[in-house]
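Structure first, then comments.
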Protein chains: 2
Amino acid sequence: MRSTIRDVARASGVHISTVSRTFSAPHMVNPETRSRVLATAASLGYRPNRAARALITGRTGNVGLIVADIANPFFPPLIKAAESQARDRDYSIFVAETDEDPTVEENLVRALAKQVDGVLLCSPRMSNDLIEKLSKEVPLVLINRSMPSLPCVLMDVSLGARQAVDHLIELGHSRVAILGGPRGSWTSREIRKASVAACRQAGFEPIVLSPNQPTVDGGIAIAERVVQESASAVVAYNDLMAIGVIEGLDSLGVRVPEDVSVIGFDDSTLARISRPRLTTVSNPTLAAGRTAVDMLLQLSDDRRATGQVMLQTELIVRASTNPATGSHGTPEEGR
Amino acid sequence: MRSTIRDVARASGVHISTVSRTFSAPHMVNPETRSRVLATAASLGYRPNRAARALITGRTGNVGLIVADIANPFFPPLIKAAESQARDRDYSIFVAETDEDPTVEENLVRALAKQVDGVLLCSPRMSNDLIEKLSKEVPLVLINRSMPSLPCVLMDVSLGARQAVDHLIELGHSRVAILGGPRGSWTSREIRKASVAACRQAGFEPIVLSPNQPTVDGGIAIAERVVQESASAVVAYNDLMAIGVIEGLDSLGVRVPEDVSVIGFDDSTLARISRPRLTTVSNPTLAAGRTAVDMLLQLSDDRRATGQVMLQTELIVRASTNPATGSHGTPEEGR
DNA sequence: ACGGATATTACAAAGCCTTGCATAACGGAC
DNA sequence: GTCCGTTATGCAAGGCTTTGTAATATCCGT
């Protein structure tokens with residue numbers, strides 16, 4: 001039914017190797033022959049069988065992309081960017097998700113290993129050792145996770161966190177809660193470290209609440225603690241949590257931004273449509289997706305680890321942050 | 001480096017075909033031999049090479065999933081469901097997106113055709129003829145699109161639209177705007193037809209505004225027309241548009257739900273966190289994703305088209321709909 | 001003890017393509 | 001006119017697995 005290289009060869013009166021070369025090494029075949037072959041190939045609707053090609057070249061033309069949760073609005077733009085970049089390079093992308101479960105992560109890498117030329121590991125929660133081990137089985141590029149031995153695409157959330165905290169300090173806040181993300185998240189740790197450092201530098205100790213589920217529900221759940229600690233400002237691991245906190249505070253009678261200021265991370269669609277509009281740290285997810293694909297493709301050629309790429313973040317000030325009011329904002333309050 | 005069936009055969013002292021059968025037809029091999037082979041296979045870290053398997057069986061173990069826009073919150077849950085269902089069946093999913101461009105759609109199907117056992121076409125914008133033609137090249141299952149000759153998974157948006165309109169009528173609205181989605185969308189047409197019918201049945205003619213870009217911006221853009229037509233209620237093609245309309249109305253000084261009621265479609269995360277909470281028609285996206293995968297897998301075995309599946313929708317009443325006020329709501333008003 | 005059914009394993013072909021090497025054709029240099 | 005270097009094409013092996021068929025062993029009834 002589907003035509004093979006053999007059919008094309010017969011129909012155009014050349015040997016199959018010539019047909020093969022017409023596609024994989026065009027410069028080695030006479031222009032005249034080439035166009036004849038191309039013509040008959042087109043008329044027969046011939047397309048090289050990737051499985052057969054993969055079998056012999058050892059390259060599949062596919063890359064895997066593993067994310068924690070497709071429904072988390074942080075990921076779709078990244079997936080989108082990666083997919084389109086890959087397609088431009090004539091690669092396809094397998095997308096899989098882990099539901100934030102490190103065990104699933106490991107299994108997925110192994111399952112994918114055989115049918116891809118490499119795997120993009122996005123915000124992995126696995127241990128360094130395990131990642132190291134898996135990187136022996138299949139080329140790996142990390143996104144949002146730093147390991148010296150592997151190529152990584154990082155977003156400078158430390159910078160973002162510092163900007164966020166500085167913004168709050170400028171507004172007069174000094175009772176700041178830092179809401180961490182899931183256990184094992186590099187991003188979460190970076191945000192925490194940078195935020196804490198920024199707070200201390202300003203002369204006060206932040207309230208660190210971690211780990212949390214990086215979802216709206218996770219945010220709702222932690223709202224009570226935020227009130228208990230009488231924080232006047234919150235830096236949340238991501239927009240979902242930020243929105244959850246606003247939600248939770250609201251149902252406790254605390255208003256944002258009047259009573260408490262909230263900052264998220266990611267600048268997802270949600271941040272732009274939530275009420276109040278969310279002040280948030282914008283992440284270069286599109287660039288990250290593209291860069292990661294390119295690094296992976298290069299790695300799968302070279303097999304020598306390339307370096308790290310650090311992409312810039314940016315604080316977007318919207319309506320969820322206000323100057324500190326008298327009733328909160330001083331370290332002594334509410335103790 | 002990576003071990004093959006040959007290594008396992010040698011190490012366990014059997015012929016390669018026995019190893020092969022241990023994996024693909026376990027009942028044909030002596031339990032004792034089987035466990036021995038399994039053990040050595042495990043110790044060598046052997047995993048069957050899918051490319052080689054594909055080459056001979058003609059099945060890749062992959063399915064394609066083509067959606068309009070990954071970043072549209074309608075799709076991620078569907079992708080998620082499809083991916084997990086596929087993985088349960090030991091299949092992997094290629095995800096690709098068209099950016100709402102029918103031409104890209106066609107190219108993607110063709111590009112995917114050779115490396116998948118079938119393609120899930122989600123809300124395609126192509127013409128029936130083209131879909132028909134492509135279905136000759138690769139097994140196709142349609143989601144949100146009805147064609148008699150192909151297996152389809154449909155969501156009963158007609159029912160949802162009717163419920164939405166009835167809800168508005170109960171609230172006393174009779175100046176209802178129907179905001180269509182993109183050109184070529186089956187869903188959009190169904191919603192429009194059912195809504196219009198429901199309105200007429202109630203004795204008034206709705207205001208149909210179509211087509212629109214199915215995004216927040218699309219909703220913002222159409223808000224002015226809604227005001228011009230002095231509609232007291234809006235049924236939008238999806239949640240994004242609904243939120244955009246609310247946005248747009250807000251900046252025109254029209255409040256939702258006090259002045260105008262708005263209903264969306266999809267019950268996406270957005271609907272649950274937007275202010276006001278969005279009244280919306282919930283779509284069975286998860287079930288659709290799962291069902292579609294199963295139908296496709298069956299189709300790729302059978303090659304005979306299976307029928308259509310219609311999944312139920314449900315109106316979720318939240319806070320974006322109010323009883324009609326005196327100043328709007330009667331057909332004569334505002335003319 | 002023998003024919004025949006059953007169960008288990010080995011053999012070998014086939015699936016489609018890439019690629020190193022051999023061959024052929026051709027032009028130019030000497 | 002011979003030899004060499006180019007260029008274009010053919011040849012055949014090889015990649016890893018599945019699967020129809022053949023071979024062997026086992027066991028049953030008689």
Side-chain angles (χ1 to χ4, degrees), chain A residues 1-41 44-62 90 111 113-117 137-138 300-301, chain B residues 1-41 44-62 90 113-117 138 300-301:
Chain A
M1 39 194 321
R2 207 76 109 288
S3 54
T4 82
I5 203 175
R6 207 159 246 101
D7 303 323
V8 179
R10 192 164 24 231
S12 48
V14 296
H15 192 264
I16 57 163
S17 56
T18 303
V19 178
S20 173
R21 275 188 269 261
T22 321
F23 288 96
S24 49
H27 63 274
M28 293 184 69
V29 34
N30 187 312
E32 203 176 306
T33 324
R34 190 195 313 159
S35 55
R36 185 156 41 93
V37 170
L38 249 24
T40 55
L44 289 171
Y46 167 76
R47 324 218 354 148
N49 179 327
R50 294 179 79 125
R53 177 177 288 182
L55 186 54
I56 185 160
T57 61
R59 327 200 80 238
T60 60
N62 303 328
D90 209 28
K114 258 299 168 35
Q115 49 187 331
V116 299
D117 297 334
E137 302 180 26
V138 58
S300 71
D301 266 351
Chain B
M1 40 195 320
R2 208 74 111 285
S3 55
T4 83
I5 204 175
R6 206 159 247 103
D7 303 323
V8 178
R10 191 163 26 229
S12 48
V14 297
H15 192 265
I16 57 163
S17 58
T18 305
V19 178
S20 173
R21 275 187 262 264
T22 313
F23 288 96
S24 50
H27 63 275
M28 292 185 70
V29 34
N30 186 312
E32 202 176 307
T33 322
R34 189 195 315 160
S35 55
R36 185 157 41 93
V37 170
L38 250 24
T40 55
L44 291 171
Y46 167 75
R47 322 212 3 141
N49 178 327
R50 295 179 78 126
R53 177 179 288 181
L55 186 53
I56 186 157
T57 61
R59 328 199 79 236
T60 60
N62 303 328
D90 209 29
K114 256 298 167 35
Q115 48 188 330
V116 299
D117 297 333
V138 57
S300 71
D301 267 349

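Just so you know, these numbers come straight off a predicted model, no measurement behind them. Every chain is numbered from 1, with letters handed out A, B, ... down the list of sequences.
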### Query
To the nearest Å, how far apart are B:His27 NE2 and C:dA7 C1'?
11 Å
### Query
Is the base of D:dG15 touched by the side chain of A:Arg53 through a donor-acceptor pair closer than 3.5 angstrom?
no
### Atom-to-atom span, CZ of A:Arg59 to P of D:dC16 - whole angstrom
16 Å
### Query
Taking the side chain from A:Arg53 and the backbone from A:Pro48, do they hold a donor-acceptor pair closer than 3.5 Å?
no
### Message
Reading DNA chain D from 5' onward, which residue's closest nucleotide shows up sooner: B:Asn49 or B:Arg21?
### Response
B:Asn49
### Task
Check whether the side chains of B:Ser300 and B:Arg59 place a donor and an acceptor atom closer than 3.5 Å, and report yes or no.
yes
### Query
Which of residues 29-38 of chain B sit near DNA chain C, with a heavy atom under 4.0 Å from it?
B:Val29, B:Asn30, B:Thr33
### Query
Rounded to the Å, how far apart are B:Ile56 CD1 and C:dA14 C1'?
6 Å
### Query
How would you list, by chain and number, every residue that makes a salt bridge (charged side-chain N to carboxylate O under 4.0 Å, His left out) with B:Asp7, sequence neighbours excluded?
B:Arg10
### Task
Could you tell me whether A:Ser17 contacts a base, only the sugar-phosphate backbone, or nothing, with contacts defined as non-hydrogen atoms closer than 4.0 Å?
base
### Message
Students often get this wrong, so: under 4.0 angstrom with heavy atoms, is B:Tyr46 touching a base, only sugar-phosphate, or nothing?
### Response
sugar-phosphate
#### Entry: Closest-nucleotide ordering on DNA chain C, the 5'-leading residue of A:His15 and A:Leu55
A:Leu55
### Query
Checking side chain to side chain contact (heavy atoms under 4.5 Å, CB included) for the pair A:Arg34/A:Thr18: CA distance, chi angles, key distance, verdict?
CA-CA 8 Å; A:Arg34 190 195 313 159; A:Thr18 303; over 6 Å; no
### Task
Please report, rounded to the nearest Å, how far the P atom of D:dT18 is from the CZ atom of B:Arg6.
12 Å
### Query
Between A:Ile16 (CD1) and C:dT19 (P), how many Å, whole number?
13 Å
### Message
For a quick check of understanding: with a heavy-atom distance under 4.0 Å over all strands, which category does A:Thr18 fall into, base, sugar-phosphate or nothing?
### Response
sugar-phosphate
### Query
So, does B:Lys114 use its side chain to make a donor-acceptor pair with the main chain of A:Arg47 at under 3.5 Å?
yes
#### Entry: Any donor-acceptor pair under 3.5 Å from B:Thr33 side chain to B:Val29 backbone
no
### Query
How long is the line joining CD1 of B:Ile5 and C1' of C:dC11, in whole Å?
14 Å
### Query
Between B:Met28 (CE) and D:dT21 (C1'), how many Å, whole number?
11 Å
### Message
Please classify the nucleic acid contact of B:Val19 as base, sugar-phosphate, or nothing, using heavy-atom distances under 4.0 Å.
### Response
nothing
#### Entry: Candidate pair A:Thr4 and A:Asn49, rule side chain to side chain contact (heavy atoms under 4.5 Å, CB included), full reasoning
CA-CA 8 Å; A:Thr4 82; A:Asn49 179 327; over 6 Å; no
### Query
With a non-hydrogen cut-off below 4.0 angstrom, is B:Thr4 in contact with a base, only sugar-phosphate, or nothing?
sugar-phosphate
### Query
What is the distance from CZ of A:Arg10 to P of C:dC16, rounded to the nearest Å?
11 Å
